[in-house]
Amino acid sequence: MNVFKRFFTKTEIDLTTGNLFKKLILFAIPIILTSVLQLLYTSADLIIVKIFSTDGENSSAAIGSNGALINLIINTFVGLSVGANVAMGNAKGANDKERGEKILHSAMIISLISGLFCLFLGIFFARNLLEIMSTQIDLIDKATDYLKIYFIGAPFLMIYNFGSAIMRALGDSSKPLIILLISGLINVLFNIIFTYFFNMDVSGVGWATVISEAVSAALVIFFLFRSKIFVKLSLKKIRLYKTETLEIIKIGIPAGLQSLIFSISNVLIQSEVNILGADNPAIIAGSTGSNNIESYVMSLGNGITQGVVSMTSQNYGAKNIQNIKKTFYYGLILSAGIVIIGGLLSIALAEPLLKLFTETDAALEAGKQRLYIMVSLYFTQAIMSCCSCHLQGMKYTMTPAIITLFGCVILRIVYIYTIYRMIPELQTLSWLYATYPISWAFTDAIYFVTIKIVWDKTFKKNSAHLL
């Protein structure tokens with residue numbers, strides 16, 4: 001009981017002192033749980049609509065076909081929250097409370113502006129974007145309906161993401177978990193109400209998501225107003241402070257660009273999947289199911305690497321070289337290790353897990369093809385993410401964006417339009433999905449060389465402080 005109470009009351013962790021390996025684990029656990037819960041609720045959308053909708057398989061596929069596009073738009077702007085995270089982490093590490101207050105209030109304005117822009121894109125260009133992705137004609141109407149409703153909640157989603165990024169930068173990873181637990185349960189409840197009792201199909205799932213995101217935004221604001229750690233939200237102070245706003249944007253735009261670049265490459269591959277599935281919808285259903293399972297494995301590593309951003313940024317602000325290096329090594333070990341364990345479990349349970357999302361033999365086979373390739377090599381993606389987050393925490397945010405452009409976009413485009421497209425024997429699901437691990441491994445190699453150069457440039461030899 002004391003442990004439970006401590007978990008929810010003493011939530012701030014000092015990420016600059018003590019046993020950093022242990023602290024990274026403790027800090028990452030709530031982030032991992034938050035990510036897993038978020039995915040559980042997303043999976044619940046697909047499962048509930050599949051069970052209760054009169055056109056369950058197509059409705060589930062319509063929602064799933066939006067995944068890459070939603071990630072492209074949302075993650076681009078969520079990338080800006082990395083700027084808020086790093087800037088706040090630096091201020092916390094330097095114990096500069098006045099600067100931290102200005103970062104907090106500027107970040108809240110930026111989050112709202114970002115959300116409204118996403119809302120505009122989603123409402124007015126949803127169908128056009130889905131057509132560009134070669135979405136199946138029999139799914140596009142439902143997919144468009146879901147996407148338009150989903151983006152109504154974009155301002156709420158941005159407020160939650162920016163607010164939770166601020167909390168994590170301060171060493172508090174538990175409150176975002178509490179918020180998501182509450183809002184997610186509300187999401188599942190309204191999913192059932194709208195799809196089962198009101199027969200609203202994909203629209204019901206969309207509106208349930210909007211309601212839950214509004215709740216999460218309200219709770220973030222509530223916690224920030226009641227905050228007792230370092231900074232506190234105040235209506236009188238909410239405005240864009242020039243220096244702090246420029247700092248958030250300077251760090252955040254490259255991070256957002258990196259997310260955009262990464263998502264574009266995923267959209268490219270999803271478009272190829274849609275082409276292969278034009279005459280065989282089972283391919284898309286299987287890919288959607290596998291993608292959901294993969295997301296759980298990836299969230300394990302991402303929980304660690306998000307912790308790496310916060311821990312690195314605080315120690316960068318505190319000018320502690322040794323802790324910055326330790327954080328990187330610990331992050332590599334923990335993120336790769338936990339992803340390997342998660343990958344092995346998902347392979348062992350592949351069929352029962354895939355059956356949660358699809359039932360036909362053809363879809364199950366397509367899902368297995370993707371799942372086996374992806375999760376068995378996901379540790380290379382975890383390493384890539386850790387390297388990126390380490391550099392972001394040190395304010396090198398443009399560098400990961402450039403590396404991602406070459407490793408995860410240009411390489412994939414070259415592979416798809418040369419080797420994959422020009423050799424008919426290779427135009428299969430397995431060779432298409434092989435694009436992912438090939439690009440991850442290549443990008444890892446670039447990152448290791450880059451980090452060595454950055455360390456040599458940034459740190460004095462045998463010094464205990466940053467230059």
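Just so you know, residue 1 is the first one in the sequence shown, and it goes up from there.
- Of the possible donor and acceptor atoms, none in the side chain of Ser388 sits under 3.5 Å from a partner among the backbone N and O of Met384.
- Residues Val339 and Ala382 share a closest heavy-atom pair of CG2-CB, 3.8 Å.
- For the pair Ser376 and Ile373, the tightest heavy-atom approach, listed with the atom from each and the gap, is OG-O, 3.2 Å.
- Looking at Ile48 and Val205, their side chains never come closer than 4.5 Å, going by heavy atoms from C-beta outward.
- With sequence neighbours excluded, the residues forming a ring pair (Phe, Tyr, Trp, His ring centres under 6.0 Å) with Tyr330 are Phe21, listed by chain and number.
- The CD atom of Gln369 sits 13.5 Å away from atom CE of Met374, with the distance rounded to the nearest 0.5 Å.
- Ser299 and Ser35 are not linked by any side-chain donor-acceptor pair at a separation below 3.5 angstrom, with hydrogens and angles left out of the test.
- Using a 4.0 Å cut-off between charged nitrogen and carboxylate oxygen, Lys175 and Asp172 count as a salt-bridge pair.
- The line from OG of Ser81 to CD1 of Ile159 is 13.0 Å long, rounded to the nearest 0.5 Å.
- Nearest heavy-atom pair, Thr209 versus Asn187, reported as atom, atom and distance to 0.1 Å: N-OD1, 3.4 Å.
- A donor-acceptor pair shorter than 3.5 Å can be found between the side chains of Thr16 and Asp14.
- Ile293 and Ser346 get closest at one heavy-atom pair: CG2-CB, 3.9 Å.
- Side-chain atoms of Thr397 and Gln392 include no donor-acceptor pair closer than 3.5 Å.
- Counting only heavy atoms from C-beta outward, the side chains of Asn302 and Ser385 approach each other to under 4.5 Å.
- The existence of a salt bridge linking Lys368 and Glu351 is confirmed by a sub-4.0 Å separation between a basic side-chain nitrogen and an acidic carboxylate oxygen.
- Listed for the Tyr160 side chain is a donor-acceptor partner under 3.5 Å among the backbone atoms of Pro176.
- Salt-bridge annotation for Glu101 and Lys232: absent, with no side-chain N of the basic residue lying under 4.0 Å from a carboxylate O of the acidic one.
- In terms of heavy-atom proximity, Ala84 sits nearest to Ile248 at N-CG2, 3.8 Å.
- Residues Ser183 and Glu213 bring no donor and acceptor atom of their side chains to less than 3.5 Å of each other.
- Between the OH atom in Tyr241 and the CG atom in Leu104 there is a gap of 9.5 Å [rounded to 0.5 Å].
- Remark: aromatic rings of Trp440 and Tyr378 are close, center separation under 6.0 Å.
- Inter-residue side-chain proximity for Leu235 and Phe225 is flagged as met; some heavy-atom pair is nearer than 4.5 Å.
- Proximity of a side-chain donor or acceptor of His105 to a complementary backbone N or O of Ser234 within less than 3.5 Å is detected.
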Original post:
Please walk me through it: do Thr380 and Thr443 pass side chain to side chain contact (heavy atoms under 4.5 Å, CB included)?
Top reply: CA-CA 9 Å; Thr380 57; Thr443 307; over 6 Å; no
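- Between Ile186 atom CD1 and Ser212 atom OG the span is 7.5 Å, to the nearest 0.5 Å.
- For Tyr372, the OH atom is densely surrounded, since the number of other residues' heavy atoms within 6.0 Å is greater than 12.
- Here the side chains of Met311 and Leu24 are in contact, with some heavy-atom distance below 4.5 Å.
- Remark: side-chain polar atoms of Glu247 are not paired, donor with acceptor, to backbone N or O of Ala87 under 3.5 angstrom.
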Original post:
How far apart are the C-alpha atoms of Ser335 and Ile383, what are their side-chain angles, what is the distance that settles it, and do they pass the side chain to side chain contact (heavy atoms under 4.5 Å, CB included) test?
Top reply: CA-CA 7 Å; Ser335 60; Ile383 291 171; 5.6 Å; no
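- Here the CZ-CG distance, from Phe194 to Leu189, works out to 9.0 Å after rounding to the nearest 0.5 Å.
- The CD1 atom of Ile152 sits 11.0 Å away from the CD1 atom of Ile211 when rounded to the nearest 0.5 Å.
- Contact check for Arg168 versus Asn85: side-chain heavy atoms found under the 4.5 Å cut-off.
- For OH of Tyr196, the number of neighbouring non-hydrogen atoms (other residues, nucleotides, ligands) closer than 6.0 Å is 12 at most.
- If you look at Phe124 and Phe120, their ring centroids are closer than 6.0 Å.
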Original post:
Could you walk me through whether Arg99 and Thr243 pass the side chain to side chain contact (heavy atoms under 4.5 Å, CB included) check?
Top reply: CA-CA 9 Å; Arg99 179 174 157 228; Thr243 302; over 6 Å; no
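- Inter-residue side-chain proximity for Leu371 and Glu294 is flagged as met; some heavy-atom pair is nearer than 4.5 Å.
- For the pair Leu224 and Met167, the minimum side-chain heavy-atom distance is below 4.5 Å.
- When side chains are defined from C-beta on, Asn90 counts as touching Lys395, because their heavy atoms get closer than 4.5 Å.
- Side-chain contact, Arg370 with Asn291: a donor N or O sits under 3.5 Å from an acceptor N or O.
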Original post:
Between Ser310 and Leu15, is a side chain to side chain contact (heavy atoms under 4.5 Å, CB included) present by the stated rule, with each step listed?
Top reply: CA-CA 8 Å; Ser310 298; Leu15 301 176; 4.0 Å; yes
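- Taking every heavy atom of both residues into account, Ile32 and Gly303 meet most closely at CG1-CA, 3.6 Å.
- Remark: the backbone N or O of Cys408 is not paired with any side-chain donor or acceptor of Thr404 at under 3.5 angstrom.
- The salt bridge (Lys or Arg N to Asp or Glu O under 4.0 Å) pairs that include a residue from residues 75-97 are Glu12-Lys92, where partners are two or more places apart or lie in different chains.
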